[in-house]
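Here is the structure we will look at, set down as structure tokens.
Just so it is clear: chains get the letters A, B, ... in the order the sequence lines come, proteins before strands, and each one is counted from 1. Any value given below was found using the heavy atoms of this structure, including those in side chains, with hydrogens, waters and symmetry copies removed.
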Amino acid sequence: MAASSGWQRTHWCGDLRLEHEGRDVTLNGWVHRRRDHGGLIFVDLRDRSGIVQIVFSPQTDAEAYEMADTLRSEYVVSVKGTVRRRLPGAENPELPTGRIEVDGRHVEILSRAGSLPFGIDDRTEVDEAVRLRHRALDLRRPVMQRNIIMRHKAAQAVRGFLNAEGFLEIETPMLTRSTPEGARDYLVPSRVHPGHFYALPQSPQLFKQLLMVSGFERYYQLARCFRDEDLRADRQPEFTQIDVEMSFVDTEDVLDVMERLIVHVFKEAAGIELPVPFPRLSYDEAVERYGSDKPDLRFGMELVDVSDIVARSGFRVFSGAVKQGGRVKVLNVKGKGGMTRREIDELTELAVQWGAKGLAWIAVEEGGVRSPIAKFLSEDELSAVLEAAGAAPGDMLLFAADRREVAAEILGRLRVRLGREIFSPDPRQFAPVWIVDWPLFHRDPETGELDSAHHPFTSPVDEHVELLKTEPERVRAKAYDLVINGYELGGGSIRIHRRDVQEMVFDVLGLSREEARDKFGFLLDAFEHGTPPHGGVAFGFDRLIMLLVGTDNIRDVIPFPKTQSASCLLTQAPSPVDPAQLKELHIRTDVPAPEPA
RNA sequence: GGGGGCGUGGUGUAGCGGUUAACACGCCGGCCUGUCACGCCGGAGAUCGCGGGUUCGAUUCCCGUCGCUCCCGCCA
């Protein structure tokens, strides 16, 4: 405790309780609100711990009272006074400190504040651009304080757990080499090597594998990652991963530790008990039943495949799709049979935007149906479809007929959209699920070429290694994703540690030895020097915090985020630089000059 | 790269061919000894994002542009 003669705090505002009654305290903080009653002034003093009421009255100290009269919002002050029980009837049950108040005997203004662009208040809605421009002030708001504190707690919980499990926190370079795969790189020019560039890491993937070759066995890092792609509400160009890698493990070992990690963090940081063990869904099952590889399991509304029922139907859209090897799937939107034509049109528009050719629908009514397609279906087909979909009067059935994945995806997206509307699931309810048994490769529908579903170092399951040569599309990977409430929280895989398997995978990807050597030479070389079986995970730390605090805006959990156009409204980054800087870096820019007025 | 939404005192909104540009909060001043989103009275504060066009006249209509935002593509 600091010497009580100075202005420095002896207590935190939010900590004061009845047990402090009679105690002389010195508090530091911001003037949250001032209520001037003429002969009596109340000041709500706020620090990071919370708020406490100070009372200034001329009877206690005339000088302090005079001083309190000059206080304004967000002045930074030091207050001395005595904690006392509030008068009966004057308690405030809304405040943790509401049963006491501080009888103010002295105020010192440490710093004044001018008029503010917005109030420090969770109630007032302020445009986000204004908040970002004045981020320091915005971060004073209690909700933002909570978010950032939650971020801290979660980080400490991660470290605490992994340290106890024998993991080592190890840093990897920020200035590294550009690789052509994946997202666009952020580049950093080299002064020393004209025309050469570093790249900021998209993830420490290769380095953490090298650390396994190095024998560190268990690695983690809260790793900053960079991807120069377009932003979303849940995507920033610079973000943080909980990056983990382990040696001498197989899938079950990784899932076990990581599940316990996530459970620990939810409990430790937010006091939330997750249901254990996390259920598991195969990739195929997730797509089949939920139309997504990241299903929101807080509600049901599963997709039903009715291809067999309508395979020979007179409705060509259905039978034709099946004939061409596609599927017809239905989503029962419970209780939404009353949808208007306009609402259906809007959904159709969305479906088309997502790649559907259209959206067939049947509204189930008491003793019949309303539908533009019912007349093309036989009685038997119709009743079989209704039964398969579990339809009851008042339901709305939406159909997609397309390639298997497309049909599932369209309805999957509609399921999430409509499901969240209908069930409005509680953001404090959590439905974690491991998605396992991923395919090793995806076929690009445009080019027809095979591509890694995860990344090229992902190991196939042991029994499918031989299939690499014959039927690569059937090969399953030792890959897994953790999904919570429809958010992909993270994923990982067991890596290939055998050269022959790695080469087979490169062959499937159409990557020549030379290309492989050129791109990943340093990793392949290291693999020649004794590589343990290893695997790991990366979790999106920002998304984790989003779940813990219940926001759907990633900017609410990052102290200094970028806008959607990847600029920082606080610092005005990115910005032009001095030509001399560019010259030194051997860079000439090629920006079209603005049209002369 | 594409589509949608928004831009009016400090903040949030209303107005939508001609207004003294309205309201709430905040701010400033006054009054008030038990408030806690205190109350009451008074006041200051807006080139209606920017540029162009249509019009006798544009905050309002049109085009462009900038910024913010949501989504699609993209994000191994």
Determine whether the aromatic ring centres of residues A:H20 and A:H11 are separated by less than 6.0 angstrom. yes
Are A:F42 and A:H37, when compared by the centres of their aromatic rings, separated by less than 6.0 Å? yes
Over all strands shown, is [X] touching base, sugar-phosphate only, or nothing at heavy-atom distances under 4.0 angstrom?
X: A:R413; result: sugar-phosphate
X: A:R84; result: base
X: A:E101; result: base
X: A:E125; result: sugar-phosphate
X: A:E488; result: nothing
X: A:S452; result: sugar-phosphate
X: A:L350; result: nothing
X: A:E94; result: nothing
X: A:A183; result: sugar-phosphate

Distance between [atom1] atoms of [N] and [M] (Å, rounded):
N: B:rA44; M: B:rC36; atom1: P; answer: 29 Å
N: B:rC61; M: B:rA14; atom1: P; answer: 14 Å
N: B:rU59; M: B:rG15; atom1: C1'; answer: 9 Å
N: B:rU20; M: B:rC25; atom1: P; answer: 26 Å
N: B:rC23; M: B:rC66; atom1: P; answer: 36 Å
N: B:rG10; M: B:rC6; atom1: P; answer: 22 Å
N: B:rC28; M: B:rG45; atom1: P; answer: 16 Å
N: B:rC75; M: B:rG17; atom1: P; answer: 47 Å

Using the side-chain hydrogen bond (donor to acceptor under 3.5 Å, both in side chains) criterion, which residues pair with A:R86? Sequence neighbours excluded. none
Quick one: do [X] and [Y] make a salt bridge, cutoff under 4.0 Å?
X: A:R227; Y: A:E229; result: no
X: A:E409; Y: A:R404; result: no
X: A:R415; Y: A:D296; result: no

Could you tell me whether the side-chain ring of A:H37 sits stacked on the base of B:rU35, using a centroid cut-off under 5.5 Å and a plane angle under 30°? no
With the criterion set at under 5.5 Å between ring centres and under 30 degrees between planes, would B:rU35 be stacked on A:F42? yes
Nearest to the side chain of A:D230, which nucleotide is it out of B:rG1, B:rC36, B:rC72? B:rG1
Out of B:rG73, B:rC36, B:rG12, which nucleotide sits closest to the side chain of A:R232? B:rG73
For [X] and [N], what is the distance between atoms [atom1] and [atom2] respectively, to the nearest whole Å?
X: A:L116; N: B:rG26; atom1: CG; atom2: P; value: 12 Å
X: A:N553; N: B:rC71; atom1: CG; atom2: C1'; value: 15 Å
X: A:R420; N: B:rC70; atom1: CZ; atom2: C1'; value: 15 Å

Could you walk me through whether A:Q202 and A:D185 pass the side chain to side chain donor-acceptor pair (under 3.5 Å) check? CA-CA 7 Å; A:Q202 296 181 21; A:D185 282 321; 2.6 Å; yes
For [X] and [N], is the shortest distance between a side-chain N/O and OP1 or OP2 below 4.0 Å?
X: A:R35; N: B:rC38; answer: yes
X: A:R72; N: B:rG29; answer: yes
X: A:R86; N: B:rG34; answer: no

In terms of side-chain heavy atoms, does A:Q205 have a donor or acceptor partner in A:Q209 at a distance below 3.5 Å? yes
What N/O pairs connect the protein and nucleotides 64-68 of chain B at under 3.5 Å? Give each pair on its own line.
from, atom 1, to, atom 2, distance (Å)
B:rC68, OP1, A:T563, OG1, 2.9
B:rC68, OP1, A:S565, OG, 3.2
B:rC68, OP1, A:S567, OG, 3.0
B:rC68, OP2, A:S565, OG, 2.8

Using 30° and 60° as the class limits, which term best fits the ring planes of A:W434 and A:F539: parallel, tilted or perpendicular? tilted
A:P117 vs A:G39, nearer the 5' end of RNA chain B by closest nucleotide: A:P117
Comparing A:E229 with A:D36, nearest RNA chain B nucleotide closer to 5' gives the residue A:D36
Could you please name the partner base of B:rC68, counting Watson-Crick and G-U wobble pairs only when both distances are under 3.5 Å? B:rG5
Donor-acceptor pair (no angle test) under 3.5 Å: A:R33 side chain, B:rC36 base: no
